[in-house]
Amino acid sequence: MEAFQLLSRGGARFDKQRFKSDVQIFNKAPARDVKGKGVLIPHDAQLPPELDFFKYAKAPTGKRKAEDKESDVHAEGKPERAERKRRKIEDESLDSDDNHIGTEEDIPTMQKHRVTAKGSDVPKPFTSFEDLRERYHVPPLLLSNLSEHSYKHPTGIQAHGIPILLEHRDLAAVSPTGTGKTLAYLMPIMSALGSPISSMKNEGGRGVRAVILAPTRELAHQIHNECLKLAAGRKWRAVLFSKATASTLSDKNVRDKVDIVISTPLRLVASIQEGNLELNNVQHLVLDEADRMLDPEFLSQVQEVIAACTHPNIQKAVFSATLPAGAEKLAMGILRNPIRIIVGLKDTPLPLIAQTLTYVADDASKLPSLLTYLSQPYNPPLLIFTSTQPRTTSLAEELIMNGISNVDCLHAGMTKKERDDAVSRMRRGESWVMVTTEVMARGMDFKGIREVINYDFPTSVQSYVHRIGRTGRAGREGKAVTYFTDEDGPFLKAIANVLLQSGSSVPEWILKLPKPSKMKRKQMGKVKRADTVNAARKIGRNDAIKKRDMIAGSKRRKEKELRETDKNREEEKSDK
DNA sequence: AAAAAAC
């Protein structure tokens with residue numbers, strides 16, 4: 001409390017103890033608004049003893065129902081689509097029986113987590129990390145490192161995925177954000193590397209034995225940290241690949257002593273092409289954020305890495321919270337006799353995240369809305385997503401100029417050092433408001449984040465799911481606010497369905513929006529937009545105006561409002 | 001659909 005009073009006077013540093021132990025803080029005094037700045041002290045959110053992520057799965061609602069309804073409404077003329085959907089759902093529920101995944105007595109976590117497995121000879125999941133010692137001879141040190149970092153009970157993806165990887169099978173794993181996917185692949189890999197009784201023999205060759213690919217440097221860095229935690233007390237060498245380490249590793253003697261390389265794809269490709277790195281002894285390859293890694297821009301790089309991994313007995317695994325059909329197909333092509341594990345519902349955020357959609361009319365109305373939001377109590381640190389680097393920078397500047405404390409900014413246009421510093425400040429709890437791009441959207445695990453704001457509308461369902469997945473991690477609650485403007489109309493419904501699917505509510509009129517067909521979306525753009533505008537005006541407009549009026553305006557803001565009304569007028573004209 | 005990120 002004292003720390004926050006200090007803070008409210010402005011300028012003072014965030015109390016570093018603040019995020020050291022979340023639990024400690026959570027048990028403290030009830031939430032109080034700190035004078036003026038609206039910073040809220042959390043009071044709830046004790047870690048639940050068991051991470052029951054999927055309560056909603058027991059009684060399927062939301063999307064399933066919405067899908068059916070949708071099919072009913074839109075299926076006229078093409079009933080086969082509804083039929084296909086229904087069959088798919090049945091197939092999924094059959095999968096688990098076919099593969100003898102286990103009964104509830106065997107695996108108490110099963111029912112809760114609604115896991116579906118597909119593939120031949122699916123290994124049984126385990127219930128306690130200790131089980132792994134006997135079943136797979138996982139080194140005791142690894143297990144004690146686990147408990148040291150208070151990993152007590154395996155999450156769904158860990159219970160199901162780890163045995164698969166320990167049996168050296170290929171795996172495609174889909175599990176929601178913040179459910180411990182990193183550990184699910186790191187632990188078995190490190191076990192295999194260190195265990196003398198592993199299914200594959202290590203005497204074959206020298207050089208890097210495991211490679212983990214991630215889409216951003218920050219994520220690679222974070223994975224490396226996890227790796228170090230697990231490896232503590234053992235001689236494993238895990239290397240975070242960067243320019244610096246790449247040149248060190250060009251020395252073959254050094255290289256041969258490295259077990260695990262964690263890297264972004266292009267960095268690795270560069271080293272391979274320079275002849276400074278050989279991957280012919282790689283026996284474990286993981287694509288983290290797999291769907292992202294299989295995006296067209298990354299795909300060729302990833303393929304090059306895969307091609308360089310010539311070891312015949314290589315195990316490959318892909319992990320993500322989202323896996324669109326296209327990416328899944330690609331992944332399945334890369335994997336050999338794979339098992340596919342899906343925890344929860346695909347492409348769905350956790351119900352722990354309370355999501356809202358907020359109408360803000362147009363771009364110019366966003367800043368006033370955000371400032372209003374920040375003038376009320378909120379839970380720091382706050383993560384704000386924008387669509388471009390320049391917008392990230394300028395929004396951060398605006399916030400600072402409007403007197404918001406401890407604003408930070410992070411995008412890939414910044415130098416490595418700037419990026420590293422921003423992440424450290426975030427980890428230390430010194431940032432209250434972090435404005436960022438997609439670079440932070442995936443994988444990043446900041447335990448303190450309880451609120452995410454999509455200042456700019458996400459460009460895909462996947463992006464949405466990952467962005468808001470920065471909160472609500474490891475069983476904690478989270479909050480996500482998404483601004484939408486008239487222009488976002490065509491994509492609104494898709495996101496709205498995601499909200500529904502994960503147990504958040506959506507205004508009726510959004511659900512009634514017609515679903516724009518792919519082909520017609522372009523030409524219909526105008527019409528759709530008009531629909532949205534009208535519907536939005538009825539419900540959201542007044543709120544938006546009220547909000548704007550509530551803000552005592554600085555000159556800057558008044559200018560903004562003027563510009564905004566001008567724009568509105570122009571748009572109204574052009575609509576006609 | 002479209003930007004970001006990767007070196």
Side-chain angles (χ1 to χ4, degrees), chain A residues 211-223 240-247 249-250 261-274 276-277 287-306 320 322 324 326 363 383-395 409-416 418-419 422-423 435-444 454-464 466-467 470 484-495 515-526 528-529 532:
Chain A
V211 169
I212 295 155
L213 290 180
T216 63
R217 282 188 215 146
E218 282 76 12
L219 184 53
H221 196 301
Q222 180 181 288
I223 295 166
L240 175 59
F241 220 54
S242 66
K243 247 190 199 136
T245 49
S247 64
L249 287 193
S250 62
V261 161
I262 300 149
S263 178
T264 50
L266 198 50
R267 178 64 262 170
L268 218 51
V269 168
S271 285
I272 295 168
Q273 285 174 349
E274 288 160 12
N276 286 333
L277 183 68
L287 305 185
D288 204 344
E289 305 300 342
D291 52 338
R292 180 75 184 88
M293 305 302 280
L294 297 171
D295 265 1
E297 311 91 324
F298 270 128
L299 182 59
S300 60
Q301 300 166 22
V302 169
Q303 279 170 334
E304 199 157 334
V305 173
I306 292 173
S320 185
T322 55
D363 193 52
L383 198 54
I384 302 179
F385 285 100
T386 72
S387 59
T388 67
Q389 293 180 5
R391 283 177 66 81
T392 294
T393 315
S394 63
L395 178 58
C409 167
L410 175 49
H411 59 71
M414 293 158 51
T415 66
K416 191 180 182 309
E418 286 168 338
R419 288 168 69 168
V423 171
V435 189
T436 188
T437 61
E438 285 293 308
V439 73
M440 284 286 102
R442 280 171 178 263
M444 294 311 293
N454 286 316
Y455 189 79
D456 291 331
F457 206 71
T459 51
S460 68
V461 166
Q462 286 75 27
S463 162
Y464 177 77
H466 285 278
R467 280 178 176 194
R470 297 318 95 211
F484 67 97
T485 65
D486 298 333
E487 287 174 8
D488 302 317
F491 312 102
L492 186 56
K493 197 176 178 182
I495 303 295
K515 191 179 176 185
S517 79
K518 266 183 218 162
M519 286 197 319
K520 286 188 179 169
R521 202 176 281 164
K522 237 184 187 172
Q523 60 186 97
M524 304 256 296
K526 284 247 157 96
K528 289 279 173 283
R529 233 186 73 184
T532 319

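FYI, side chains are in, hydrogens and waters are out, and symmetry mates aren't considered; it's all heavy atoms of this structure. Every chain is numbered from 1 and lettered A, B, ... according to where its sequence line falls, protein lines coming before strand lines.
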Check the distance between [N]'s [atom2] and [X]'s [atom1] and give it to me in whole angstrom.
| X | N | atom1 | atom2 | result |
| --- | --- | --- | --- | --- |
| A:Arg391 | B:dA4 | CZ | C1' | 14 Å |
| A:Leu277 | B:dC7 | CG | P | 14 Å |
| A:Leu266 | B:dA6 | CG | P | 10 Å |
| A:Phe385 | B:dA5 | CZ | C1' | 14 Å |
| A:Gln389 | B:dA4 | CD | P | 6 Å |
| A:Arg292 | B:dA5 | CZ | P | 9 Å |
| A:Ile495 | B:dA2 | CD1 | C1' | 13 Å |
| A:His411 | B:dA6 | NE2 | P | 12 Å |

* Those residues that, when tested against A:Ser460, pass side-chain hydrogen bond (donor to acceptor under 3.5 Å, both in side chains) (two or more places apart) -> none

* Asked: Contact class for A:Pro265 vs. all strands (heavy atom < 4.0 Å): base, sugar-phosphate, or nothing?
  -> nothing

* Asked: Looking for any heavy atom pair under 4.0 Å, which part of the strands does A:Ser463 touch: base, sugar-phosphate only, or nothing?
  -> nothing

* Asked: Which value, rounded to the nearest 0.5 Å, describes the distance between A:Thr436 atom OG1 and A:Arg419 atom CZ?
  -> 9.0 Å

* Taking the side chain from A:Gln222 and the backbone from A:Gly443, do they hold a donor-acceptor pair closer than 3.5 Å? -> yes

OP1 or OP2 of [N] under 4.0 Å from side-chain N/O of [X]:
| X | N | value |
| --- | --- | --- |
| A:Thr264 | B:dA5 | no |
| A:Arg217 | B:dC7 | yes |
| A:Thr437 | B:dA5 | yes |
| A:Arg419 | B:dA6 | yes |

* Structure fact -> With A:Ile212 as partner, the option from A:Leu240, A:Val261, A:Leu287, A:Ile223 fulfilling side-chain contact (heavy atoms from CB on, under 4.5 Å) is A:Ile223

* Assess whether one donor atom and one acceptor atom, taken from the side chain of A:Glu297 and the base of B:dA4, lie less than 3.5 Å apart. => yes

* Base B:dA5 paired with A:Arg442 side chain (donor-acceptor, <3.5 Å) -> no

Please tabulate, for side-chain N and O atoms in residues 290-297 of chain A, each donor-acceptor pair with protein atoms closer than 3.5 Å (sequence neighbours left out).
| unit_1 | atom_1 | unit_2 | atom_2 | d |
| --- | --- | --- | --- | --- |
| A:Asp291 | OD1 | A:Ser320 | OG | 2.8 |
| A:Asp291 | OD1 | A:Arg442 | NH1 | 2.9 |
| A:Asp291 | OD1 | A:Arg442 | NH2 | 3.4 |
| A:Asp291 | OD2 | A:Thr322 | OG1 | 2.4 |
| A:Asp291 | OD2 | A:Arg442 | NH2 | 3.0 |
| A:Arg292 | NH1 | A:Asp295 | OD2 | 3.0 |

